Amino acid sequence: MARRTESGVTIRAVAQRAGVSAMTVSNVLNRAGRVSAATEATVQAAIAELGYVPNLAARRLAKSRATTVGLLYSNRRTPFLDAVLVGALRATNAHGLQLILRDGDGVSRREAEGLAQDLVRSGADALLLIPPFAEQLDGSDSLRALGVPLAAIATGTAMDEITTVRIDNRTAMQGITRDVVAKGHRRIAYVAGPAHYSVVAARLEGFRAALEDAGVPEDLELIYQTGEFDYDTGRQAARVLLSRSDPPTAIICSSDDLAAGVVAEAIDRGLQLPGDLSVTGFDDTILASRLSPALTVVSQPVEEMAFRAARCLIAALDGNGFIASDQILDHAIVRRASVAGPAKST
């Protein structure tokens, strides 16, 4: 009897449409045996055309191994990544799946495509992406040909072919900026993060919207665009901003790691926080609460985002089909000791 998915499409039907044997289709699905790139592309096209979705339990039996989710991430260990791993492992462990990892810089589409292909060759049946890989791979013909479900977390926008689980970054940054303005700050600097992350543009829009709403003039010299989200880059941003003849009284940062670097540089310069300088972060990783002073931040549920994204992939692998969706989770502003009114009027 031909194996059938919940949608009613059989491997035999896919084989007939592709003009190959059922065994060849099975080899493509299970990444077993030798199949040429051209044949694999033909089979994947037939799968997409017919809407074939293999059943997860059947695939496990066929492959004699656990179904696998691949996680593609930037090659830096951060508290953010730790939270992602916990969320992804919660979901995969609960369903008896494996989680395999690949890291890289992700600065170009070609590199990102190569890493994704490597994950699939290594056995990944679905891919979970962390920025900037979602942005690099969205709309990629090469990725589409792999024929695996895709989900991403912490993006700035929805994507056509990738399920996204995120917060409203624009509204979140607008909210925390309003808090800083409400304390009386007018010389407010902004450390933006790398431009190839979609969240960077969304957060910058929120910062600017809050200034406009409050009638605070935007000073382009107080907006610092960084190449990374890390601590060292935060220190460099603070060196530039605090060396100005008229330095800011508050610095809003688009990640906790950037904010940690800003705090360290400010303290080394003899500034009192928050008396001389207020600083905010974004994410609410464990780092935010352990700094002194503890950071006021936008808190996004990173672990929960990863858990939900992994669950979406598992549902697709379990025969429920894959249609890209966009889930927006709630965020919060956590007010701690790093923000106060400016020491003097400006």
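What you see is a predicted model; the values in this text were computed from it and never measured.
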Do [X] and [Y] sit in the same hydrophobic cluster, where Ile, Leu, Val, Met, Phe, Trp and Tyr count as joined when their side-chain heavy atoms come under 4.5 Å apart?
| X | Y | answer |
| --- | --- | --- |
| L150 | I328 | no |
| L129 | V148 | yes |
| F307 | L99 | no |
| V84 | L101 | yes |
| M173 | L204 | yes |

Subject >> side chain to side chain contact (heavy atoms under 4.5 Å, CB included) involving D82 - partner list, sequence neighbours excluded >> reply: R77
**OP:** List in chain and number order the residues that pass side chain to side chain contact (heavy atoms under 4.5 Å, CB included) with Q272, two or more places apart in sequence or in another chain; answer none if no residue qualifies.
**Re:**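 For Q272 the side chain to side chain contact (heavy atoms under 4.5 Å, CB included) partners, ignoring immediate neighbours, are D276.
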**OP:** Using a cut-off of 6.0 Å, state whether more than 12 heavy atoms not belonging to D326 lie near its atom CG.
**Re:** yes
Original post:
Would the number of heavy atoms belonging to other residues, nucleotides or ligands and lying under 6.0 Å from CZ of R110 be above 12?
Top reply: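 At most 12 heavy atoms, drawn from other residues, nucleotides or ligands, come within 6.0 Å of this atom.
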Hey, does the side chain of [X] reach the backbone of [Y] with a donor-acceptor pair shorter than 3.5 angstrom?
| X | Y | answer |
| --- | --- | --- |
| S254 | A192 | yes |
| N93 | A91 | no |
| D256 | D284 | yes |
| Q225 | G193 | yes |
| T177 | F207 | no |
| R336 | T280 | no |
| R109 | Q136 | yes |
| E303 | V86 | no |
| Q174 | G206 | no |
| D103 | Y73 | no |

Taking the side chain as everything from C-beta on, heavy atoms only, tell me whether [X] gets closer than 4.5 Å to [Y].
| X | Y | value |
| --- | --- | --- |
| Q300 | M305 | yes |
| S122 | I100 | yes |
| R244 | D219 | yes |
| T226 | P194 | yes |
| K183 | P274 | no |
| D283 | S255 | yes |
| L137 | E113 | yes |
| I130 | L81 | yes |

Measuring from atom [atom1] of [X] to atom [atom2] of [Y], what distance do you get when rounded to the nearest 0.5 angstrom?
| X | Y | atom1 | atom2 | result |
| --- | --- | --- | --- | --- |
| R308 | R90 | CZ | CZ | 10.0 Å |
| E212 | R208 | CD | CZ | 11.0 Å |
| R239 | R269 | CZ | CZ | 8.0 Å |
| I333 | D179 | CD1 | CG | 5.0 Å |
| D330 | E304 | CG | CD | 11.0 Å |
| T249 | I188 | OG1 | CD1 | 6.5 Å |

Do you know the tightest heavy-atom contact between [X] and [Y]?
| X | Y | answer |
| --- | --- | --- |
| L97 | H95 | CD1-O, 3.0 Å |
| F80 | A154 | CZ-CB, 3.8 Å |
| S198 | G156 | OG-N, 2.7 Å |
| R17 | A46 | CG-CB, 3.9 Å |
| A259 | G281 | CB-CA, 3.9 Å |
| S289 | A294 | O-CB, 3.9 Å |

Original post:
Taking 4.0 angstrom as the limit, do R235 and D232 come out as a salt bridge?
Top reply: no
Original post:
Can you list the steps and then say if E40 with V43 is a side-chain contact (heavy atoms from CB on, under 4.5 Å)?
Top reply: CA-CA 5 Å; E40 182 174 356; V43 171; 5.8 Å; no
Subject >> Side-chain cluster (under 4.5 Å, hydrophobic types only) that L295 belongs to, other residues >> reply: V191, Y197, V199, V200, L222, Y224, F229, V240, L241, L242, I251, L258, V262, V263, I267, L271, L273, L277, V279, L287, L291, V297, V334
Original post:
What's the verdict on side-chain contact (heavy atoms from CB on, under 4.5 Å) for R186 and V181, showing C-alpha distance, side-chain angles and the deciding distance?
Top reply: CA-CA 7 Å; R186 295 298 180 268; V181 171; 3.6 Å; yes
